[in-house]
Peer 1: 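Got a structure for you, questions after.
The chains referred to below are lettered A, B, ... by the order of the sequence lines, with proteins before strands, and numbering in each begins at 1. A quick note: this is a predicted structure, and the numbers were derived from the prediction, not measured.
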There are 4 protein chains.
Amino acid sequence: MFELDLRSRAPMYEQLVEKIKELIINNVLKPDEQLPTVRVLAGELTINPNTIQKAYRELEHRGYIYSVPGKGSFVRPAVPGNNAARLRILEKELSIIVTEMRYLGAPPQEIITRIKTQLFKDEGGNVDD
Amino acid sequence: MFELDLRSRAPMYEQLVEKIKELIINNVLKPDEQLPTVRVLAGELTINPNTIQKAYRELEHRGYIYSVPGKGSFVRPAVPGNNAARLRILEKELSIIVTEMRYLGAPPQEIITRIKTQLFKDEGGNVDD
Amino acid sequence: MFELDLRSRAPMYEQLVEKIKELIINNVLKPDEQLPTVRVLAGELTINPNTIQKAYRELEHRGYIYSVPGKGSFVRPAVPGNNAARLRILEKELSIIVTEMRYLGAPPQEIITRIKTQLFKDEGGNVDD
Amino acid sequence: MFELDLRSRAPMYEQLVEKIKELIINNVLKPDEQLPTVRVLAGELTINPNTIQKAYRELEHRGYIYSVPGKGSFVRPAVPGNNAARLRILEKELSIIVTEMRYLGAPPQEIITRIKTQLFKDEGGNVDD
DNA sequence: GTGGTCTAGACCACG
DNA sequence: GTGGTCTAGACCACA
């Protein structure tokens, strides 16, 4: 289910957080769906349960999941408000990346097209301006 | 000139690398312009010269500056091409960010407009004089 | 295991880099094999751990090893391709050396034979034209 | 006449030594031909005369030129004996380079061809002594 | 006076 | 116990 890069400089719990966050964002893990338990996931990935625990705690702290003691961890449904702060950060990161791509010689039109494709990819095909 | 976040979990040399890279990309630091010397910058930021040197060395490895022993460190002019690998990484990062922004409820059209404005803001005029 | 020349003008970390690179290239250190830990090697060579770390970091930058924080450093398996730049440098160096050998009076045929023997020594022994 | 790379990490006097050695080896500078005086060369390259001086001293030490006080520096004719030590070093360097090229995926036959071309490139031409 | 190397010793995140 | 970060302070080659 998850593929971790043992060679990566990024700590494993961090990789786990990103992977799960991606699954939630891409709607692979549906709202209120239960995540694998710490023990099960630790068994599948053959890594320390503490590492899973840490990743789940981090995800909870960032608002992507919620834990019910004695039951498990579940995907927290997205709430379209209260994300202003996170969005500001993402906008800044996006801006930095775009600037660097341009600096490295990527054609601006190509960058735009790529973003559009990403934004509208499963919406019905309106990629026009 | 530079502001470092001492509380951040990112190491100081890494923060320095990102800051300087940004200045180069945004053409604040011009090609072949000399960077502050290791000792001067260490003095200004009141951190150890070795930390500055590590940041400069990293920037040199990544191709953004070059160091001439006994003279100083200078901005390496960008060479279009041979950046394919780096661009691929950036494209992936961009994809992930855009997906998350969409998930958090950011209006797609607004994202596009923002990027366009940024990309074409100094389209007509050359940035350096 | 490693012998460093303290009198050499080449910095110790650079000598280490070359030595280890040679061991990897000659398959003495196998792919994914763990290198001695920074502290162990520092102990054996009676030099500062930071010097070892610098060498390891340099090897990582050059793509010969990878480091997993908390686990150790390992030989990165060679990936054919993407080495064009490095190969161009080596070809130029080879050209310069051969030219000097010829200038110093080394018999050309002897040079060829030596290289052939080396290249095909573990391939079946075809040393013919 | 000479092109120095100011960006290179190699010290300028070292670059000078290599460049002049190459000219001698390739017979561009003939035996007993006079080299430019320190002052003239310093003027042409717009670098410090001390740097030229150091390069010439190094070349003399390595046996490629000889200096006549009050007259200038001259190319020392190659003596096909007494080069055994230098040749052994070059053979070792050659061996290392070939091994790395092979490791990086260069076809052995191509390496051989390259060396042969280099060795015999002006075989039929003038070998006057 | 510059960048570069090296040492000695401390602390931290990670698994 | 690992690699990684940072400090404080020393010495060297180079131009």
Peer 1: Can you check salt bridge (charged side-chain N to carboxylate O under 4.0 Å, His left out) on D/R62 and D/E58, steps first, answer last?
Peer 2: CA-CA 6 Å; D/R62 295 193 198 174; D/E58 187 65 24; 3.0 Å; yes
Peer 1: Quickly work out the B/Q34 CD to F/dA15 C1' distance and round it to whole Å.
Peer 2: 14 Å
Peer 1: Figure out the CD/C1' separation between C/E14 and F/dC12, and round it to whole Å.
Peer 2: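 Distance, rounded to whole Å: 16 Å.
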Peer 1: Counting side-chain heavy atoms from CB outward, which of E/dT2, F/dC14, F/dA15 is closest to D/T51?
Peer 2: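 For D/T51, the side-chain atoms sit closest to F/dA15.
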Peer 1: Now, which nucleotide makes the Watson-Crick or G-U wobble pair with E/dA8, with each of the two distances under 3.5 Å?
Peer 2: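 Here E/dA8 is engaged in a pair, and the nucleotide opposite it is F/dT7.
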Peer 1: Contact class for C/N48 vs. all strands (heavy atom < 4.0 Å): base, sugar-phosphate, or nothing?
Peer 2: base
Peer 1: Please state how far atom CG in B/L16 lies from atom P in F/dT7, giving the value in whole angstrom units.
Peer 2: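 Whole-Å distance recorded here is 11 Å.
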Peer 1: Which listed nucleotide (E/dT5, E/dT7, E/dG4) is nearest to the side chain of C/Y13?
Peer 2: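 Selected nucleotide: E/dT5.
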Peer 1: Ignoring the backbone of B/Q53, work out which of E/dC14, F/dG4, E/dT5 is nearest its side chain.
Peer 2: E/dT5
Peer 1: Tell me which nucleotide, if any, is Watson-Crick or G-U wobble paired with E/dA13 when both distances must be under 3.5 Å.
Peer 2: F/dT2
Peer 1: Applying a 4.0 Å non-hydrogen cut-off, can you work out what C/Y56 is touching in the nucleic acid: base, sugar-phosphate, or nothing?
Peer 2: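 No contact.
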Peer 1: Between P on F/dG4 and NE2 on C/H61, what's the gap in Å once rounded to a whole number?
Peer 2: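 Rounding to the nearest Å, NE2 of C/H61 and P of F/dG4 are 11 Å apart.
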Peer 1: Assign each of A/K54 and B/G72 to its nearest nucleotide of DNA chain E by heavy atoms, then name whichever residue's nucleotide is nearer the 5' end.
Peer 2: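 So the residue in question is B/G72.
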Peer 1: Scan A/N50 against the nucleic acid and name what it touches under 4.0 Å (heavy atoms): base, sugar-phosphate only, or nothing.
Peer 2: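 The answer is nothing, as A/N50 stays clear of every strand by at least 4.0 Å.
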Peer 1: According to a strict under-4.0 Å criterion, is B/K71 in side-chain N/O contact with OP1 or OP2 of E/dG3?
Peer 2: no
Peer 1: Just how far, in rounded Å, is C1' of F/dA13 from CD of D/E58?
Peer 2: 13 Å
Peer 1: Is there a donor and acceptor pair, one atom on the side chain of B/R39 and one on the base of E/dG3, closer than 3.5 Å?
Peer 2: yes
Peer 1: Between C/E18 and C/K21, does at least one N-O distance fall below 4.0 Å, as a salt bridge requires?
Peer 2: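 Yes.
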Peer 1: Separation of C/L4 atom CG from E/dC6 atom C1', in whole Å?
Peer 2: 13 Å
Peer 1: Only one of B/R86, B/E93, B/E22 passes side chain to side chain contact (heavy atoms under 4.5 Å, CB included) with A/E100; say which it is.
Peer 2: B/R86
Peer 1: May I ask you to decide if D/N50's main-chain N or O and D/N48's side chain share a donor-acceptor pair within less than 3.5 Å?
Peer 2: yes
Peer 1: Name the residue closer to the 5' end of DNA chain E, choosing between B/L35 and C/P11 according to the nucleotide with the nearest heavy atom.
Peer 2: B/L35
Peer 1: If you compare all heavy atoms of A/V75 against all heavy atoms of A/Y66, which two are closest, and at what distance to 0.1 Å?
Peer 2: O-CE2, 3.4 Å
Peer 1: Thinking salt bridges, do B/R7 and B/D5 make one under a 4.0 Å N-O criterion?
Peer 2: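 Salt bridge flag = yes for B/D5 with B/R7.
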Peer 1: Send over the distance from C/E60 CD to F/dT2 C1', rounded to a whole Å.
Peer 2: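 Answer to the nearest Å: 14 Å.
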Peer 1: Does D/A10 or B/A10 map to a spot on DNA chain F nearer the 5' end, using the closest nucleotide for each?
Peer 2: B/A10
Peer 1: Base, sugar-phosphate or nothing for B/R9? Non-hydrogen atoms, less than 4.0 Å.
Peer 2: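 Since no nucleic acid heavy atom lies under 4.0 Å of B/R9, the category is nothing.
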Peer 1: Starting at atom CD of B/Q15, determine the distance to atom C1' of F/dT5, rounded to an integer number of angstrom.
Peer 2: 12 Å
